[in-house]
Every structure is written in C-alpha cells, then in structure tokens.
Enquirer: 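This is the structure, below, for whatever I ask next.
Keep in mind that what you see is a predicted model, and the values were worked out from it rather than measured. Below, read A as the first sequence line, B as the second, and so on, with proteins coming before strands; counting in each chain starts at 1. As a basis for the values below, the full set of heavy atoms in this structure was taken, side chains included, without hydrogen atoms, waters or symmetry mates.
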Amino acid sequence: MKYNPNKIERKWQRYWENKKLYQTKDKVKGKKNFYHLVMFPYTSGDLHMGHWYNYAPSDVYARFKRMQGLNVMAPIGFDAFGLPAENAAIQRNINPADWTRQNISYMTKQLKSMGAIFDWSRKVETIDPEYYKWTQWIFLKFYEKGLAYRAKTKVNWCPKDKTVLANEQVVDNCCERCGTQVVQKELVQWMFKITKYADQLIDDLEKLDWPEITKTAQKNWIGRSQGAVIKFQVENSKNYVDVFTTRPDTIFGATFMVLAPEHELVKKITKDQFLGQVNNYLENAKKKTELERLAEVKEKTGVFTGAYAFNPATKEKIPIWISDFVLPHYGTGAIMAVPAHDERDFEFAKKFNLSIREVIGGGDILKEAYEGEGKLINSGKFSGMDSEKAKWEITEFVGGKKMISYRLHDWIISRQRYWGAPIPMVYCQKCDWQPVSEKDLPVLLPKIRDYKPPGTGEPPLVKAKDWLNVKCPRCFGQARRETDTMDAFVDSAWYFLRYSDPKNKKQFASKDKLESWLPVDMYIGGQEHATKHLLYARFITKVLNDSGYLSFDEPFKTMRHQGLILGLDGNKMSKSRGNIVDPDEMVKKFGSDSVRMYLCFMGPYENGGPWDPKAIVGVFRFLNRVWNLIKPKFQNPNDKSIPNSKIQNKELDKVFNKAIKKVGEDIENLRFNTAVSELMKLLNEIEDFINKGFTFQVSSFKVFLKLLAPFAPHLAEELWHQIGNKKSIHLEKWPEYNPKLIEDETVDLVIQVNGRTRDVIKAPHDLTEPQARELALASEKIKKYVSGKEIKKFIYIPNKIANIVI
RNA sequence: GCCGAGGUGGCGAAAUUGGCAACCGCAGCUGACUCAAGAUCAGCCGUCCGCAAGGGCUUGAGGGUUCGACUCCCUCUCUCGGCACCA
C-alpha cells in the first residue's frame with residue numbers, strides 16, 4: 001500500500017473530533033495548565049500560507065507541551081468585524097454579514113485540514129452578539145472610569161473608504177487598506193485614553209519575555225522623552241508661551257519662538273499689521289494634508305506674528321513666529337528655537353534670516369546645527385558647565401518644570417462605518433451623552449440593506465431609523481443612539497480573555513477561569529502587530545486589572561513571532577505579483593503532514609523566507625520512507641516467536657537517545673528546522689542499521705513515532721495504530737532519554753598545528769595534558785608537520801582540541 | 001536621518017555559543033532498475049591545483065584581539081524591517 005496522506009488525514013481528523021481529543025478541561029488533576037495562543041485570523045477570504053506558518057509550527061510546539069504532561073489549551077476563533085471585510089462585501093455587492101459568515105465556514109474547513117490541536121469548542125467570533133456584548137461592556141467600563149471620552153480631533157480621513165483612520169492605520173500617509181491618500185478632517189469622536197497608561201506600557205515591557213525588537217518598537221511608538229516646560233512672557237501682554245524642550249541647557253541660544261498654527265495664543269498675540277499674512281498662513285495650513293506637510297519637511301514655511309517674548313535666561317526680546325513644523329499635539333505646541341543646536345530651528349533661521357547664537361562648543365554652526373553635548377558658552381553664569389549637568393540647573397534658574405512628553409496619542413475608536421460593534425452610547429438633548437445600561441447589552445448591530453457610507457461623512461447607521469431612536473436611559477425622553485461603530489482593534493484586544501470562558505452569559509469570563517488560564521503562557525503571531533494589537537491588548541488588560549476584573553496586568557508572558565512567508569521570487573505573496581502559493585493545493589498534493597513539516601523545516605521560524613514549491617518534496621520523501629519502514633523490514637509486533645538473530649544494535653540506542661534530547665530541546669526553543677533535520681538523520685541511521693541486517697524493534701519504532709507525532713500527527717497516528725495500538729498516539733508522553741547512553745566512549749580529539757586541523761584522533765575521555773601531548777605527537781600525520789621543529793606552545797582543551805604551535 | 005535585524009555553496013540552511021565551516025534537505029551530475037519516463041535505490045556534489053593521495057583558498061570588504069574567529073572589538077558596505085519635522 002502506498003502512502004496516501006489525503007486518505008489517512010481525513011480519517012484521523014474525524015477520529016480526533018469524535019473522541020473530543022483536543023477539548024480542554026479547565027482543570028485536570030495533576031496537570032499544570034498551559035495557555036498556548038496564536039493570533040486569530042482575520043476573515044479576509046481564505047487561509048494563506050502566512051496563516052499556516054503561524055499555526056502549523058506553533059501546533060508542533062503545543063503538541064510537544066501536551067506530550068510533556070501539560071494541560072494545553074490551544075483555542076482558535078475569528079476576527080471578523082472591520083473595514084476590510086466591509087470593503088470586500090461592498091465590492092461583491094453583498095452584505096458583510098453574509099460575506100464574513102461564508103469566509104468563516106471556509107476558513108474553518110481549511111483550518112481543520114491542518115490537523116492542529118485547536119479546541120473548537122472554545123471558538124470565539126468577534127461578530128457574535130454574545131461576544132460583542134462584552135466588547136461594548138468593556139467600553140462602558142472605560143466610560144465609567146473616564147477613559148472613554150469624546151473629543152474634536154483633526155483626523156485622518158480616507159476619502160475612498162469614507163472613514164476616519166487611526167494613526168496606526170495610516171502608512172506613508174495613505175490608507176493602510178486601500179492606499180488612497182489621506183486627508184485631514186475635523187470630527188468629534190470617541191477616544192480611549194491610552195496615554196494615561198503610557199508610562200506603565202513602557203515600564204512593564206521589562207517584565208516580558210518578548211522579542212527585543214517588539215519591545216523597542218513599542219517604546220519608540222510611545223516615544224517618551226524627558227524634558228522641561230518653560231514659560232516665556234509675551235511683550236506688553238499678560239500671556240505666557242509655554243514651551244516644551246528636552247534641551248533646556250541651550251536656552252541662552254533661544255533666539256526666537258515658534259507656535260504651531262493651531263496654538264491658542266496665535267490669535268491673541270498677533271499684531272494687527274501682521275494679521276493679514278498670518279490669517280493667510282493659517283488658512284493654508286488648515287487645507288494642507290499631512291502629505292503636503294511632509295513633502296515640505298525640507299522646505300520650511302512660516303510667518304511672523306509681530307509679537308515678541310522675553311527669553312527668561314537672557315531677558316532678551318525674541319520674535320514669535322508661526323510654523324507648521326511645530327506640531328500642535330506634541331509637547332505644548334510651541335517651541336523655543338535654538339538654531340545653533342537644532343537642525344530644524346537652524347533651517348528655519350537660515351530661511352527667514354533669524355539670528356543664530358552658539359551656546360555649546362564643539363560644532364561648526366556656520367555650516368550646521370550642533371546637536372551634541374559639550375561645554376556651555378555664552379550662557380551667563382552657566383558658561384563652562386557641561387551641558388548635560390546644566391540641564392536641570394538652568395530649568396530651575398528660569399523657573400521651568402520637568403515634564404515628560406509622549407509621541408503616543410489617544411486611541412480613536414470611533415468608526416463611521418457599518419461593520420463593527422455599535423458604541424453603546426445614547427445622545428439626549430437634555431441629558432447629553434448617556435451610556436446604555438448594562439442590562440440592555442448587547443446593542444445589536446441592525447441589519448440594513450444599504451450599509452454603504454452615505455458619502456456625506458455620516459455613518460451608515462443613521463439610515464437604521466427604527467434602531468436609531470431610543471429612550472434616554474436617564475430621563476426616558478426621546479434620544480438617539482450613537483451611530484459610530486468601534487474600531488475592530490477593540491474586538492481583538494481582549495479575545496484571549498474570552499477563550500478561557502467562551503460561553504459565559506453573565507461575565508466576559510469568570511474570575512475563576514481567568515485565573516486558571518491567564519496570563520497566556522505562549523503567544524505566537526506576526527510581528528506586524530507590534531504596535532497596534534499588542535499595545536491595545538496590553539492597555540485593555542491593564543485597565544481591566546485596575547478595575548478589579550483581572551489579577552494580572554500583562555496578558556502575554558512570553559511571545560514569539562513567526563517570520564514572513566514569501567513567494568519564490570522573494571517578494572511578499574500578493575495576487576498582483578502572481579506569486580501566491582495556495583496551501584489547499586499543497587495539502588491536496590502532499591498532505592497536511594508534509595506542508596506542516598516543510599514549514600517547520602524551511603528555515604529558522606522567526607526568519608520566514610520564500611516558499612520553494614520544489615523543496616517540499618524533501619519532507620514528502622521523508623514521510624514516505626517512514627511509511628515504508630513498517631512494511632517489509634519491520635517485524636510483526638504480535639508475533640513474539642520471531643527469533644532475534646541479530647538484536648538491535650547498541651549504537652542505534654545511542655542515536656535514539658541523542659535524537660530524543662535534540663528534538664525536544666529544539667522544539668522547546670522553537671527551532672523546528674533543526675528538529676526536523678534531526679528526525680531525518682535519525683531515519684537515515686535507522687535505515688542504515690536495517691540495511692546492515694540489524695532488527696529494528698517495535699519499541700524503538702514507537703519512540704520514533706512519538707518524536708514524529710507533533711510534526712506529522714496524522715501519519716504518526718496511522719502507523720501507531722498499524723502496529724497494534726488502540727489509543728491515540730497523541731495521548732502518549734514525550735519519550736525520555738537516558739543521559740548515560742548519549743555519551744560516547746571516545747571523543748574526537750582535533751589536533752591542530754598552528755591552528756590548522758591536521759588530524760582527528762579517537763581518544764578516551766578526560767585525557768591529561770601530557771597524555772594528550774603524547775598521543776598527538778604519536779600521530780604520523782602530525783609528525784610530518786612537527787618533526788625536527790621546536791614546539792613553542794601546546795594548547796589543550798580537554799575532550800575537544802589540541803593545538804601545537806611551532 | 002535615527003533605531004533594530006541580517007549578509008555562510010547554485011538554493012533553503014547548520015555550526016555544542018571562541019575549537020574539524022557547510023549537518024539536513026532542494027537542485028544538479030553519475031550509476032542500478034525500466035522498452036521508456038516517473039518513482040525508488042546507490043554514489044558524487046563549496047572552490048582551485050591534482051589521475052589520485054594530498055594540498056591551497058573560502059563565512060559581504062578591510063583591520064584588530066586570540067594558539068585558534070562565521071562567532072568578540074573597530075571601520076566600511078549592501079539588504080531587509082520599524083520610526084520619522086516628536087522640540
């Protein structure tokens with residue numbers, strides 16, 4: 001019989017499902033719980049190789065953990081609300097609900113073909129009212145704590161999708177999804193106050209076992225910088241301009257000031273004769289999109305207000321300018337300009353012919369700004385002091401205060417779109433905004449035929465007339481529902497909590513179950529979520545923890561990223577490039593076991609790389625050889641009468657013990673590629689021994705199958721049953737190795753002459769140096785190089801190497 | 001521009017973390033089986049000289065530390081990711 005993966009794989013998938021083999025109980029006596037999490041897929045259509053790469057090797061890890069005796073939960077679900085699904089539905093002229101449902105059922109089928117240990121009984125879908133009820137509940141908790149608020153913001157507006165985009169969803173100033181140029185628009189929106197947690201989000205990174213690169217990305221994203229606020233008094237006015245600076249030590253060099261066009265003082269301080277040009281400038285600035293602003297990075301623009309302020313250090317009068325290179329939402333929206341020591345200020349000064357004063361030695365300020373540290377000059381009593389040291393002394397001297405600024409903005413969660421969880425708020429003329437009461441959750445997303453954005457900028461939900469009108473929860477008068485829906489990133493920021501108790505009708509999850517599973521022990525997913533999903537999930541966890549609903553403040557203890565699977569041409573797989581590899585096709589051709597194993601084998605897990613359609617035959621051949629092991633060469637396990645003319649070789653036992661160790665350690669460290677390589681080596685050895693006429697015993701074959709089981713669960717199960725086992729191999733324990741059997745009786749002692757290997761000698765363990773020297777010099781090969789010459793040095797590292805220096 | 005990761009055969013890669021560079025596999029070549037192809041099996045396979053034995057060279061480039069460097073340090077270079085007028 002030939003190895004036919006399609007036949008056996010479906011058979012065992014059904015068997016596992018019927019036996020409920022992968023359904024996880026919340027508590028199992030004598031077993032520790034292990035929460036193994038993969039990022040749930042977005043329902044964008046079908047499963048691609050990237051999903052497989054996320055889920056298949058991580059399934060090897062989860063299965064290994066399970067075999068080690070842990071009670072492993074490996075849940076799966078679907079992230080299904082959001083813009084991409086809605087846009088795809090619009091394109092196909094169907095309802096997003098139908099489109100998404102269709103995708104879920106197809107993707108489910110695909111996922112099941114993988115043969116992973118997903119516990120489908122815990123499945124979670126963000127579009128399920130029983131799920132988004134709790135997304136809305138979380139919103140209400142945020143609202144209660146003052147962490148959800150409305151604010152008028154200049155927002156990124158995608159003219160094509162007719163929606164607001166979070167900063168995170170703008171890439172190169174284009175809409176992340178459709179690539180359209182983003183424009184600016186003013187809107188009142190619901191926000192989450194993530195900035196309140198900025199410090200914790202940075203500081204707590206330290207306790208996490210996460211890739212350093214992701215921690216750094218989050219740190220940069222939050223962008224914390226320590227500086228000072230300093231007041232500059234406006235001439236002939238009661239007004240002060242507060243500036244934020246990280247370099248108060250350069251204040252003696254502040255020769256002008258710049259306000260952001262949006263700054264509130266602009267109108268108050270501008271002198272009449274300058275009003276015309278200032279208004280002109282503001283008008284232009286308003287119209288400008290971020291893109292245009294960015295294009296002008298090299299070409300500064302600005303306008304003089306006619307007003308002056310006093311530099312609190314020098315008491316000099318300095319002009320106040322307006323420019324859009326100063327950002328309204330960072331720091332105080334105003335700066336003191338020190339052209340000698342800030343590149344941007346330098347450019348601005350050059351362009352408008354403003355004075356430049358050097359206050360730190362060490363640079364050539366005729367050519368460029370010097371931004372480094374150094375000794376202060378031209379700085380009154382501080383001259384001669386190190387700039388580093390002068391920072392806070394000068395701050396105090398000018399009456400400033402220390403202040404920390406963040407790059408991070410609050411999280412705009414409003415979406416003027418249909419396909420999302422409705423925001424559970426009601427607007428009443430009398431009572432203003434009121435939260436929907438908890439008992440009225442979920443606020444169901446109404447079914448409307450025309451869900452497309454009306455194009456007026458209003459959300460589609462304004463068209464759901466019956467749904468729209470409600471009683472005010474406070475005065476019971478006529479009120480109107482909020483028509484914005486929530487950013488899908490809110491849905492996905494807490495799904496891992498729900499897995500612990502997915503069917504709970506009274507709570508998002510019971511405290512008991514949360515406690516038995518969370519925080520997540522291992523989280524595996526793509527690095528592209530470093531600053532979005534992962535930051536939001538941490539934020540929501542922290543808020544729920546502070547509110548007493550959780551007893552941990554970080555959701556994911558350990559996290560790892562899989563790399564990116566590329567097309568054969570080395571580019572990201574995409575339809576337009578035509579380099580897509582369809583996993584279904586591969587499964588059909590080679591079987592899931594081969595696809596799983598090839599993904600493990602192709603390279604280091606964090607690296608990813610191009611999918612080589614030819615290279616997969618390597619593991620396919622390997623699995624075929626495993627399949628063929630059993631037939632002619634293998635003795636009948638039930639026939640005890642077969643005489644063992646040649647018993648299994650001791651050497652093979654050693655090889656086995658080494659493999660058990662190596663494969664186990666490799667999986668533990670997510671080095672799947674070398675684990676597979678080790679299994680291949682093991683098979684090569686087994687075949688060699690068989691060819692030499694040794695009997696390969698059932699007991700060894702069982703061990704081999706157990707090592708194979710996490711990688712090729714179907715084939716391992718099939719052969720396991722073929723040799724007479726009645727229960728699933730996936731209930732077996734990971735084999736143990738005997739450390740004593742791993743050690744070789746002899747070591748390969750490398751003998752070098754002047755650092756070049758000239759001989760390798762089989763030597764007993766732990767030779768003394770004189771013994772090693774004697775042995776080395778006895779070698780004919782070594783004699784050739786050494787004889788007649790003086791040995792200057794003899795370096796000996798026991799059991800490894802001897803180097804003769806002549 | 002700043003931060004981070006990386007550069008090893010024709011290709012994916014390995015190297016007990018300073019100790020035999022290229023394990024395992026893909027592709028390729030040779031042979032066996034076959035009318036033939038495929039599948040399978042056996043052998044070769046970094047590169048140069050050599051029939052061979054053997055030897056030289058080789059981990060992006062250059063330098064350094066060391067008995068010994070893919071591994072550590074410095075300079076340069078290229079590729080890929082993240083941030084980017086953040087004061």
Side-chain angles (χ1 to χ4, degrees), chain A residues 2 172 211-221 223-225 227-228 243-248 250 258 260 293-294 296-300 323-327 329-338 341-345 347-348 371 405-409 527-528 530-531 563-564 566 568 570 598 601-604 606-607 609-619 621-622 624-625 628 662 665 671 673-684 687 691 748-760 781 784 792-797 799-806:
Chain A
K2 265 183 74 178
D172 289 337
E212 224 30 67
I213 187 168
T214 305
K215 292 195 199 179
T216 313
Q218 294 213 343
K219 267 182 224 157
N220 292 343
W221 187 261
R224 173 165 67 187
S225 40
V243 302
F244 173 74
T245 176
T246 54
R247 295 297 301 272
T250 63
V258 187
R293 249 172 115 152
L294 233 134
E296 283 162 8
V297 165
K298 286 195 179 97
E299 185 63 35
K300 297 264 180 297
S323 173
D324 63 7
F325 86 81
V326 176
L327 306 172
H329 42 251
Y330 185 77
T332 58
I335 61 156
M336 65 173 201
V338 184
H341 304 290
D342 181 282
E343 200 192 321
R344 295 151 303 175
D345 301 349
E347 255 176 65
F348 197 84
E371 298 188 331
S405 262
Y406 303 90
R407 203 196 72 97
L408 182 73
H409 304 332
Q527 211 220 305
E528 66 273 18
T531 51
L564 216 58
L566 307 169
L568 184 60
Y598 176 60
F601 183 59
M602 59 186 286
E606 324 78 61
N607 285 12
W611 172 278
D612 183 345
K614 277 188 284 190
I616 187 176
V617 302
V619 290
R621 281 177 195 149
F622 167 79
N624 270 286
R625 279 161 58 205
N628 290 331
K662 172 81 171 142
E665 285 173 358
R671 289 193 299 249
N673 54 332
T674 48
V676 173
S677 156
E678 186 67 21
L679 286 173
M680 288 175 167
K681 272 192 258 186
L682 181 57
L683 179 64
N684 290 347
E687 287 179 341
N691 289 339
D748 289 342
L749 192 63
V750 175
I751 315 293
Q752 300 185 328
V753 178
N754 285 342
R756 287 175 169 272
T757 302
R758 297 303 181 185
D759 200 4
V760 180
K781 286 182 189 166
K784 227 168 67 186
K792 287 190 189 130
K793 223 172 182 182
F794 186 82
I795 290 127
Y796 173 58
I797 311 293
N799 303 326
K800 274 189 178 158
I801 203 162
N803 190 6
I804 302 164
V805 186
I806 53 173

Enquirer: Quick one: list whatever passes side-chain hydrogen bond (donor to acceptor under 3.5 Å, both in side chains) with A:Ser405, sequence neighbours left out.
Expert: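 Residues passing side-chain hydrogen bond (donor to acceptor under 3.5 Å, both in side chains) with A:Ser405: none at all.
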
Enquirer: What does A:Val805 touch in the nucleic acid at a heavy-atom separation under 4.0 angstrom: a base, only the sugar-phosphate, or nothing?
Expert: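 Here A:Val805 touches the backbone only, sparing every base.
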
Enquirer: Identify the nucleotide, in any strand shown, that forms a Watson-Crick or G-U wobble pair with B:G1, with both distances under 3.5 Å; if there is none, say none.
Expert: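 Checking every strand shown, B:G1 finds its partner in B:C83, with both distances under 3.5 Å.
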
Enquirer: Would you classify A:Asn684 as touching base, sugar-phosphate or nothing, given that sugar-phosphate means primed atoms plus P, OP1 and OP2, and contacts are heavy atoms under 4.0 Å?
Expert: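 Here A:Asn684 touches the backbone only, sparing every base.
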
Enquirer: Produce the list of close N/O pairs, under 3.5 Å, pairing protein atoms with atoms of nucleotides 7-15 of chain B; give distances to one decimal.
Expert:
residue, atom, partner, partner atom, Å
B:G12, O2', A:Met602, O, 2.3
B:A14, OP1, A:Asn673, ND2, 2.8

Enquirer: For a quick check of understanding: with a heavy-atom distance under 4.0 Å over all strands, which category does A:Arg224 fall into, base, sugar-phosphate or nothing?
Expert: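 Here A:Arg224 touches no strand at all.
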
Enquirer: If you compare every side-chain N and O of A:Asn691 against the phosphate oxygens of B:C41 (OP1, OP2), does one of them come in below 4.0 Å?
Expert: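 So the side-chain polar atoms of A:Asn691 never come under 4.0 Å of the phosphate oxygens OP1 or OP2 of B:C41.
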
Enquirer: Within the structure, does a side-chain N or O atom of A:Lys793 lie under 4.0 Å from either OP1 or OP2 of B:C67?
Expert: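 Yes.
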
Enquirer: State whether the side chain of A:Arg247 and the backbone N or O of A:Glu371 hold a donor-acceptor pair below 3.5 Å, judged by distance alone.
Expert: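 Yes, because the side chain of A:Arg247 sits within donor-acceptor range (under 3.5 Å) of the backbone of A:Glu371.
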
Enquirer: To the nearest Å, how far apart are A:Ile804 CD1 and B:G68 C1'?
Expert: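 For the pair A:Ile804 CD1 and B:G68 C1', the rounded distance is 13 Å.
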
Enquirer: Please tell me which of A:Arg621 and A:Ile801 maps to the more 5' nucleotide of RNA chain B, matching each residue to the nucleotide holding its nearest heavy atom.
Expert: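 Taking each residue's closest nucleotide, the earlier one in sequence belongs to A:Ile801.
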
Enquirer: Aromatic rings A:His409 and A:His329: how do their planes relate, parallel, tilted or perpendicular, breaks at 30° and 60°?
Expert: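 Because their plane-to-plane angle is over 60°, the rings of A:His409 and A:His329 count as perpendicular.
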
Enquirer: Polar pairs (N or O, both sides) under 3.5 Å between protein and nucleotides 21-23 of chain B?
Expert:
residue, atom, partner, partner atom, Å
B:C23, O2', A:Lys681, NZ, 3.1

Enquirer: Whole-Å distance between B:U17 P and A:Glu665 CD?
Expert: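 Rounded to the whole Å, the gap is 11 Å.
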
Enquirer: To the nearest Å, how far apart are A:Glu687 CD and B:U40 C1'?
Expert: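 That distance rounds to 11 Å.
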
Enquirer: Measure CD/A:Glu212 against C1'/B:G4 and give the value in whole Å, please.
Expert: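 Spelled out: CD on A:Glu212 to C1' on B:G4 is 10 Å.
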
Enquirer: Applying a 3.5 Å limit to both distances, which nucleotide forms a Watson-Crick or G-U wobble pair with B:C44?
Expert: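 Pairing partner: B:G28.
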
Enquirer: I need the CG-P distance between A:Asn754 and B:C20, as an integer number of Å.
Expert: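 Rounded to whole Å, this separation is 17 Å.
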
Enquirer: Any strand counts, and the cut-off is 3.5 Å on both contacts for Watson-Crick or G-U wobble. Which nucleotide pairs with B:G19?
Expert: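 Base partner found: B:C67.
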
Enquirer: Between B:C67, B:C26, B:G56, which nucleotide has the shortest distance from any of its atoms to the side chain of A:Arg758?
Expert: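 Of the options given, the side chain of A:Arg758 lies nearest B:G56.
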
Enquirer: CD1 of A:Ile751 versus P of B:C67: gap in Å, rounded?
Expert: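 Whole-Å distance recorded here is 19 Å.
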
Enquirer: Ignoring the backbone of A:Ile335, work out which of B:C83, B:A87, B:G19 is nearest its side chain.
Expert: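 Of B:C83, B:A87, B:G19, B:A87 is nearest to the side chain of A:Ile335.
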
Enquirer: Could you let me know what B:A36 is paired to, Watson-Crick or G-U wobble, both distances under 3.5 Å, or none if it's on its own?
Expert: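 The base-pairing partner of B:A36, which may sit in any strand shown, does not exist here.
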
Enquirer: Counting distance alone, no hydrogens or angles: does the base of B:C85 have a donor or acceptor under 3.5 Å from a partner atom on the side chain of A:Lys300?
Expert: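 Answer is yes: a donor-acceptor pair is held.
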
Enquirer: Find the distance A:Glu347:CD to B:A84:C1' and express it as a whole number of Å.
Expert: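 In whole Å, B:A84 C1' lies 14 Å from A:Glu347 CD.
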
Enquirer: Heavy atoms under 4.0 Å, any strand shown: does A:Ser225 hit a base, just sugar-phosphate, or nothing?
Expert: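 The residue A:Ser225 makes sugar-phosphate contact but no base contact.
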
Enquirer: Can you give me every donor-acceptor pair (side chain of residues 799-806 of chain A, partner residue at least two apart or in another chain, under 3.5 Å) with its distance?
Expert:
residue, atom, partner, partner atom, Å
A:Asn799, OD1, A:Asp766, N, 2.7
A:Asn799, ND2, A:Asp766, OD1, 2.9
A:Asn803, OD1, A:Asn754, N, 3.4
A:Asn803, OD1, A:Gly755, N, 3.0

Enquirer: Does a nitrogen or oxygen in the side chain of A:Arg756 sit under 4.0 Å from OP1 or OP2 of B:A69?
Expert: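 No, because none of the side-chain N or O atoms of A:Arg756 sits under 4.0 Å from OP1 or OP2 of B:A69.
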
Enquirer: What pairs with A:Asn607 under side-chain hydrogen bond (donor to acceptor under 3.5 Å, both in side chains), at least two apart in sequence or on another chain?
Expert: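 Once residues adjacent in sequence are excluded, A:Asn607 has no partner under the side-chain hydrogen bond (donor to acceptor under 3.5 Å, both in side chains) criterion.
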
Enquirer: Suppose we define a pair by two distances each less than 3.5 Å, Watson-Crick or G-U wobble; what does B:G6 pair with here?
Expert: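 Here B:G6 is engaged in a pair, and the nucleotide opposite it is B:C78.
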
Enquirer: Rounding to an integer number of Å, can you tell me how far A:Asn628 CG sits from B:A39 C1'?
Expert: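 So the CG-C1' distance, A:Asn628 to B:A39, works out to 11 Å.
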
Enquirer: For A:Asn803 and A:Asp748, find the nucleotide of RNA chain B closest to each by heavy atoms; which residue's nucleotide sits nearer the 5' end?
Expert: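 The 5'-side residue here is A:Asp748.
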
Enquirer: Show each protein N/O and nucleotides 79-82 of chain B N/O combination with a separation under 3.5 Å, one pair to a line.
Expert:
none

Enquirer: I'd like to know if the side chain of A:Gln218 and the backbone of A:Ala530 have a donor-acceptor N/O pair within less than 3.5 Å.
Expert: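 Pair found, side chain donor or acceptor close to backbone of A:Ala530.
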
